Amino acid sequence: EKGVQFMIFDDELSPSQTRNVEKVIDKVIKKHMESQGRKAEEIEIRVMDRTNLILDIFAQHARTREGILQVALAEQQYQLPRLKRMWSHLERQQ
C-alpha cells in the first residue's frame, strides 16, 4: 500500500517547525492505524519546505562538476541552522 511520502510547505519552515510537524504526523498516523486495529508501523513522511524541494530538484538535475558543487554548497548552507542546536546536549554544563 502506497500512501503519502512527502508533505511540502509553500513557505520556509524553521527547524523547530519541521520537527513539530513530523511529530504531529507520526502521532496522527499511529492513532489512525490503531483505530483501524492495525499495528502502528514505522511510516516515514518527509516534511519539506519550498527551499528544500528546490534544492532537491537541482541536486537531481546537476550534471557538471561546477553545478554539483554549487548545489552541494547551497544544501550545506541550508542545513547549517538546522544542525546548530542538534548537539547542544553534548556541551559542558555551567
Side-chain angles (χ1 to χ4, degrees):
E1 176 182 327
K2 289 254 179 180
V4 176
Q5 295 176 344
F6 299 97
M7 180 175 282
I8 302 171
F9 289 84
D10 191 21
D11 255 334
E12 184 89 18
L13 295 178
S14 71
S16 61
Q17 288 173 320
T18 302
R19 281 190 306 275
N20 290 338
V21 169
E22 288 171 345
K23 287 178 187 177
V24 169
I25 290 170
D26 285 342
K27 286 181 185 178
V28 169
I29 289 172
K30 286 178 184 176
K31 188 174 181 179
H32 176 71
M33 292 182 82
E34 290 170 358
S35 72
Q36 293 182 337
R38 294 171 30 192
K39 183 180 176 187
E41 301 168 10
E42 191 65 33
I43 299 175
E44 188 172 324
I45 296 177
R46 187 170 169 201
V47 176
M48 302 172 76
D49 61 12
R50 176 185 218 144
T51 304
N52 196 348
L53 175 64
I54 292 169
L55 287 171
D56 197 42
I57 292 169
F58 274 99
Q60 291 176 16
H61 294 288
R63 298 286 180 251
T64 65
R65 184 176 180 181
E66 181 181 3
I68 293 168
L69 288 172
Q70 287 176 342
V71 171
L73 176 61
E75 287 175 331
Q76 296 294 319
Q77 290 173 334
Y78 175 78
Q79 287 298 326
L80 182 63
R82 285 147 183 81
L83 299 173
K84 278 186 178 173
R85 298 203 178 154
M86 189 175 260
W87 305 105
S88 61
H89 64 282
L90 297 175
E91 293 177 355
R92 290 186 184 178
Q93 293 182 357
Q94 295 180 357

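Everything numeric here is computed off the predicted structure, so don't read it as measured data. When reading the values below, keep in mind they use all heavy atoms of this one structure, side chains included, and skip hydrogens, waters and symmetry mates. In what follows, residues are counted from 1 in the order of the sequence shown.
Heavy-atom contacts from other residues, nucleotides or ligands closer than 6.0 Å to CD of Q36 number more than 12. Atom CD of E66 has 12 or fewer heavy atoms from other residues, nucleotides or ligands within 6.0 Å. The local environment of CZ in F58 is sparse, with at most 12 non-hydrogen atoms from other residues, nucleotides or ligands closer than 6.0 Å.
No path of Ile, Leu, Val, Met, Phe, Trp and Tyr side chains, each step under 4.5 Å between heavy atoms, connects L55 with I68, placing them in separate hydrophobic clusters. Note on I54: it does not cluster hydrophobically with I8, by side-chain heavy-atom contacts below 4.5 Å among ILVMFWY residues. Under the 4.5 Å side-chain heavy-atom criterion for grouping Ile, Leu, Val, Met, Phe, Trp and Tyr, V21 is connected to V4 within one hydrophobic cluster.
To the nearest 0.5 angstrom, Q79 atom CD is 7.5 Å from Q76 atom CD. N20 contributes atom CG, which lies 8.0 Å from atom CD of Q17 (distance to the nearest 0.5 angstrom). Here the CG-NE2 distance, from D56 to H61, works out to 9.0 Å after rounding to the nearest 0.5 Å. Taken from CG in D10 to CG in L13, the straight-line distance is 10.5 Å, to the nearest 0.5 Å. We find the CG-CG distance between L69 and L73 to be 8.5 Å, quoted to the nearest 0.5 Å. Between Q70 atom CD and T64 atom OG1 the span is 7.0 Å, to the nearest 0.5 Å.
Between L53 and F6 the shortest side-chain heavy-atom distance does not fall below 4.5 Å. Looking only at side-chain heavy atoms (C-beta outward), D49 and Y78 come within less than 4.5 Å of each other. Side-chain contact between I29 and I45 is present, with heavy atoms from C-beta onward closer than 4.5 Å.
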